[in-house]
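Reading through the structure tokens given below for one structure.
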2 protein chains.
Amino acid sequence: MITRKDITERNDRALLQAARDVLAEDGAHASVAAIAARAGIGIGSLYRRYKTKEELFQRLSVLSLDHWNEAAEQGLADPDPWMGLAAFVCGCVEFGQGSLGPIAGAIEVTQEMGAKSRRGDELFDELVRRAHEAGVLRRDVTAVDISLLIEQFGRSPVVDQLRKQGRDDLLPAAAEARRRLIAIALDGLRPGHDPLPGSPPGKELFTGRWSSQ
Amino acid sequence: MITRKDITERNDRALLQAARDVLAEDGAHASVAAIAARAGIGIGSLYRRYKTKEELFQRLSVLSLDHWNEAAEQGLADPDPWMGLAAFVCGCVEFGQGSLGPIAGAIEVTQEMGAKSRRGDELFDELVRRAHEAGVLRRDVTAVDISLLIEQFGRSPVVDQLRKQGRDDLLPAAAEARRRLIAIALDGLRPGHDPLPGSPPGKELFTGRWSSQ
DNA sequence: CAGTTGCGGAGTGATTCGCTCCGGCATGGT
DNA sequence: ACCATGCCGGAGCGAATCACTCCGCAACTG
């Protein structure tokens with residue numbers, strides 16, 4: 001039997017997913033009305049659950065950090081260093097990890113988020129270090145490079161535009177095409193290529209998470 | 001001697017470059033005021049040159065198509081099929097080709113744009129075909145894949161966020177890091193990798209240009 | 001010095017924003 | 001069957017921002 005509580009919980013999940021989607025499409029300009037509409041609920045219901053827009057974004061950030069850490073742990077659990085790293089990258093992109101960049105600088109960073117972020121950094125660094133030692137990741141690619149890659153693939157301009165055009169029928173094909181692009185980028189991470197141009201990026205460039213604060 | 005006309009021309013170039021930058025950052029929500037401010041000119045000056053926002057965007061689109069075609073011709077002029085293709089991709093990303101996606105569906109498409117776009121498609125297809133024949137591009141990567149890749153790298157979330165935080169000192173480092181990411185993706189295009197997941201994307205997915213209209 | 005030309009930005013109505021508040025309806029107890 | 005309860009959607013609010021206009025000022029010309 002479906003109770004009212006079930007509906008509330010389903011609405012909550014839909015809300016958070018919709019918030020990620022709309023954020024990925026509209027960036028920092030994402031409006032509360034758009035998020036509620038995408039989730040299929042009223043604005044009033046959204047504001048009953050979260051007092052302000054910022055509270056919703058903070059909740060989203062915490063969820064995002066949790067997902068990052070869980071994905072990193074699962075990646076480390078894989079005995080194959082390369083498969084573990086690749087699954088981590090794919091999981092983060094699919095989750096919409098990179099779509100939170102635009103709000104990272106706009107919300108207040110709590111102690112909880114700082115702690116989770118530091119933990120995530122450790123796990124991720126270990127994931128990359130293990131791949132380097134196994135020789136399955138090119139030496140000149142740093143952890144920050146991969147972080148930036150995840151953030152770069154956070155938004156999907158093709159999906160955004162098709163959605164804006166109302167071509168929902170093409171969305172699955174667009175998602176598949178995006179996975180192909182990610183596979184291409186992952187292949188570029190494997191050893192056997194020329195050195196990358198420029199100097200390795202510093203940690204301060206990766207702003208999607210909050211470990212520096 | 002610097003005449004008033006020189007200043008006008010410099011302002012015009014600055015305006016178009018600023019429009020590309022702001023479009024890349026803010027997407028379809030890019031405001032005329034933001035473009036004028038980035039270009040360092042007044043709003044009135046912008047509206048003296050372009051009657052409406054759409055007229056500016058149309059001019060930007062034509063310039064973008066011209067750049068695409070010139071870059072493709074230069075790529076074909078390179079005797080090395082791989083270097084020609086790589087230079088084309090880098091040139092398009094650097095120019096900000098992918099940043100025009102958000103407005104592609106919002107402006108009226110002129111006959112001129114359609115013709116230029118078709119010409120660009122031919123050149124680009126030839127560039128890809130040549131690389132395939134020379135065996136320097138993996139067989140399962142299509143021209144549409146590469147188009148989507150260019151569009152994917154059109155926006156730079158790292159640069160966007162640093163600019164929003166006012167960390168202009170880090171912008172050169174961010175641009176360099178982005179070039180490293182593109183180099184990684186380009187390496188992933190070379191032969192010797194596993195087949196890409198899913199089926200090859202169809203032309204209708206690439207909406208950055210207008211050849212289908 | 002008068003005339004002209006390109007310039008910046010305050011101002012305008014329309015739109016959109018985050019957010020509040022209330023009428024309506026499904027639910028559950030009696 | 002019937003009311004009481006509580007969650008739901010969306011109309012409505014002031015504030016902010018949008019695309020765009022208009023005008024006074026500064027710089028150049030003859």
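Naming: A, B, ... by sequence-line order, numbering from 1 per chain.
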Phosphate contact (C/dG6 OP1 or OP2) by B/S45 side-chain N/O below 4.0 Å = no
Atom CG of B/L46 and atom P of D/dC22 are separated, to the nearest Å, by 17 Å
Protein-nucleotide distance (A/Y50, atom OH; C/dG18, atom C1'), rounded to Å = 17 Å
Candidate list A/R59, A/K51, A/K53, test side-chain contact (heavy atoms from CB on, under 4.5 Å), partner A/E55, passing option | A/K51
Neighbours of DNA chain C within residues 21-30 of chain A, by heavy-atom distance under 4.0 Å | A/A30
Establish, with yes or no, whether the OP1 or OP2 oxygen of C/dC7 is under 4.0 angstrom from a side-chain nitrogen or oxygen of B/R48.
-> yes
What's the closest nucleotide to the B/S31 side chain, out of D/dC7, D/dC18, C/dG9?
-> D/dC18
Separation of D/dC18 atom C1' from B/L56 atom CG, nearest Å, is 16 Å
Taking five pairs at each terminus, the helix from C/dC1-D/dG30 to C/dT30-D/dA1 shows an axis bend, to 10°, of 10°
Nearest to side-chain heavy atoms of A/I41, which nucleotide of D/dG9, D/dA19, C/dG18 = D/dG9
Write down the distance between NZ (A/K53) and C1' (C/dT20), rounded to a whole number of angstrom.
-> 17 Å
Do the numbers put A/R20 on top of the ring of A/F95, so that NZ or CZ is under 6.0 Å from the six-membered ring centre and no more than 45° off the axis?
-> yes
Measure from the side chain of B/R49, starting at C-beta and using heavy atoms only, and say which of C/dC7, D/dC8, D/dT21 lies closest.
-> C/dC7
